[in-house]
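This report concerns only the one structure given below.
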Amino acid sequence: LKTTKTQPGCVRSFVGYPLLGEEDMSGIRYVACIAYQLKSKSVEPWSAIKDMKEAGISDKIKLFMNKYVVTNGEINDLLEFLDTGRLITLTGPGGTGKPRLAIDAANAWAERTGESGVFVDLAALPPHTPVLSAIATALGVSEEPPMSLEETLIHSIADQQMLVILDNCEHVVAKAAEWTAKALARCPSLKLLCTSRQVLGITGETVFPVSVLSVPGKASSNIKLEELGANDSVRLFLERAAAVAPTFTLTDENAAEIAEVCRKLDGLPLALELTAPRLRVLSPGQLLARLENRLNLLTGGSRTANPRQQT
């Protein structure tokens, strides 16, 4: 597991792109383990993956190709809650990066404890439908008659030390709460990290509000470029802009316009991610003008992203 810190080069060679800095290696922990085996032992990819699974390292934590701005303070706070509690729900408006914060915390937790983690995406479920099948699929559990699927699932994880992320609970919150209460009662080593715009509302739940990113103040026209570039919203915007327009930089000429863009987007990470790629064809001034009709502008996210994250 130390390969996430000691072998950043092999991670990049395996992925084929310098996705993260060395300080962010926890986000691709599982890939790092495989990459280390591939590079240092010259083994076949599927053999390396098999070795990692047999070592108890889960490959089911979802990986993101890029990250929102997440502070060490937020991660440390979540780790403290996981130390003392078993159900933590990340709440906040859409677009604040709740899933990525949950996954970053889960990876940090896995590195600290060695416990496996599983990501369960509930976004595709129709409203008010049971969550059991989605959870069982993510965990690789099938019904084993005469036990029901629910009993099979509980039996399979009852004695395991495991962290499960339930993402996008809000539209199935009642069913998610129902399953969560049963699972926590019968699986003493299970911990749950949920993301939802609405709390689950069950006993033992710790609510962790996720806020928007900080935005530049109104007086940002007088601020130094270095200070403006360190602002969370501006930093994320510039990172995403550089991905599509590598020569784009923060300058004295565009600083005020970029600061205003971040303010108009209210520091919402998803909105910043959807807007920054427009700099491929628009200047910051043109982009700012088009934000007057922001609902039409803030579309066209990654084709592989969840539909809820494309607009």
Side-chain angles (χ1 to χ4, degrees), residues 8-9 11-25 27-28 31 62-71 94-101 103-104 212-311:
V11 174
R12 293 194 182 98
S13 66
F14 179 79
V15 177
Y17 188 80
L19 302 177
L20 304 173
E22 292 184 30
E23 71 278 8
D24 293 321
M25 286 296 114
I28 47 175
V31 174
K62 188 174 180 179
L63 305 178
F64 283 102
M65 298 295 282
N66 49 39
K67 288 184 155 187
Y68 288 161
V69 176
V70 176
T71 67
T96 52
K98 296 184 293 293
R100 299 190 187 209
L101 176 56
I103 289 166
D104 281 350
V212 297
L213 300 178
S214 62
V215 298
K218 291 287 187 179
S220 57
S221 58
N222 299 321
I223 196 172
K224 294 180 180 178
L225 286 185
E226 183 177 346
E227 294 179 24
L228 182 60
N231 177 267
D232 287 343
S233 292
V234 174
R235 182 155 57 98
L236 177 61
F237 184 80
L238 293 175
E239 287 175 359
R240 297 301 180 265
V244 298
T247 61
F248 182 82
T249 58
L250 180 66
T251 66
D252 290 325
E253 289 72 27
N254 64 26
E257 293 168 335
I258 290 175
E260 185 62 20
V261 166
C262 294
R263 280 195 295 270
K264 282 187 174 293
L265 295 175
D266 299 320
L268 280 170
L270 180 58
L272 292 162
E273 282 215 330
L274 292 173
T275 303
R278 306 294 183 180
L279 290 174
R280 186 188 293 113
V281 294
L282 299 175
S283 69
Q286 292 171 323
L287 185 60
L288 183 58
R290 296 198 181 193
L291 280 176
E292 297 302 325
N293 189 14
R294 69 188 71 183
L295 292 182
N296 288 333
L297 182 70
L298 301 181
T299 59
S302 170
R303 289 188 177 91
T304 60
N306 187 291
R308 295 155 61 96
Q309 296 173 333
Q310 293 183 21
T311 181

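Along the sequence shown, the residues carry numbers beginning at 1.
- For Arg240 (side chain) and Pro277 (main-chain N/O), no donor-acceptor pair under 3.5 Å exists by modelled atom type.
- Nearest heavy atom pair, residue Ala241 against residue Leu279, reads CB-CD1, 3.6 Å.
- The distance from the CG atom of Leu288 to the NZ atom of Lys264 is 6.0 Å, given to the nearest 0.5 Å.
- Residues satisfying the side chain to side chain contact (heavy atoms under 4.5 Å, CB included) criterion with Leu238, sequence neighbours excluded, are Val234, Phe248, Leu250, Ile258.
- Ser233 and Gly267 make their closest contact through OG-CA, 3.4 Å (heavy atoms, listed as atom of the first residue, atom of the second, distance).
- The side chain to side chain donor-acceptor pair (under 3.5 Å) check on Ser214 picks up Asn231, with sequence neighbours excluded.
- In this structure, the separation between OG1 on Thr275 and CG on Leu265 is 4.5 Å, given to the nearest 0.5 Å.
- When all heavy atoms of Ala276 and Val244 are compared, the pair lying nearest together is O-CG2, 4.1 Å.
- Residues Arg278 and Gln286 have side chains not in contact (no heavy-atom distance under 4.5 Å, counting atoms from C-beta outward).
- Using a 4.5 Å heavy-atom threshold, the side chains of Asp266 and Val215 count as separate.
- Partners of Glu253 under the side chain to side chain donor-acceptor pair (under 3.5 Å) rule, at least two apart in sequence or in another chain, are Thr251.
- With contacts defined as side-chain heavy-atom distances shorter than 4.5 Å, the pair Pro284/Val261 does not qualify.
- For the atom pair CG of Leu291 and CZ of Arg263, the computed distance is 12.0 Å after rounding to the nearest 0.5 Å.
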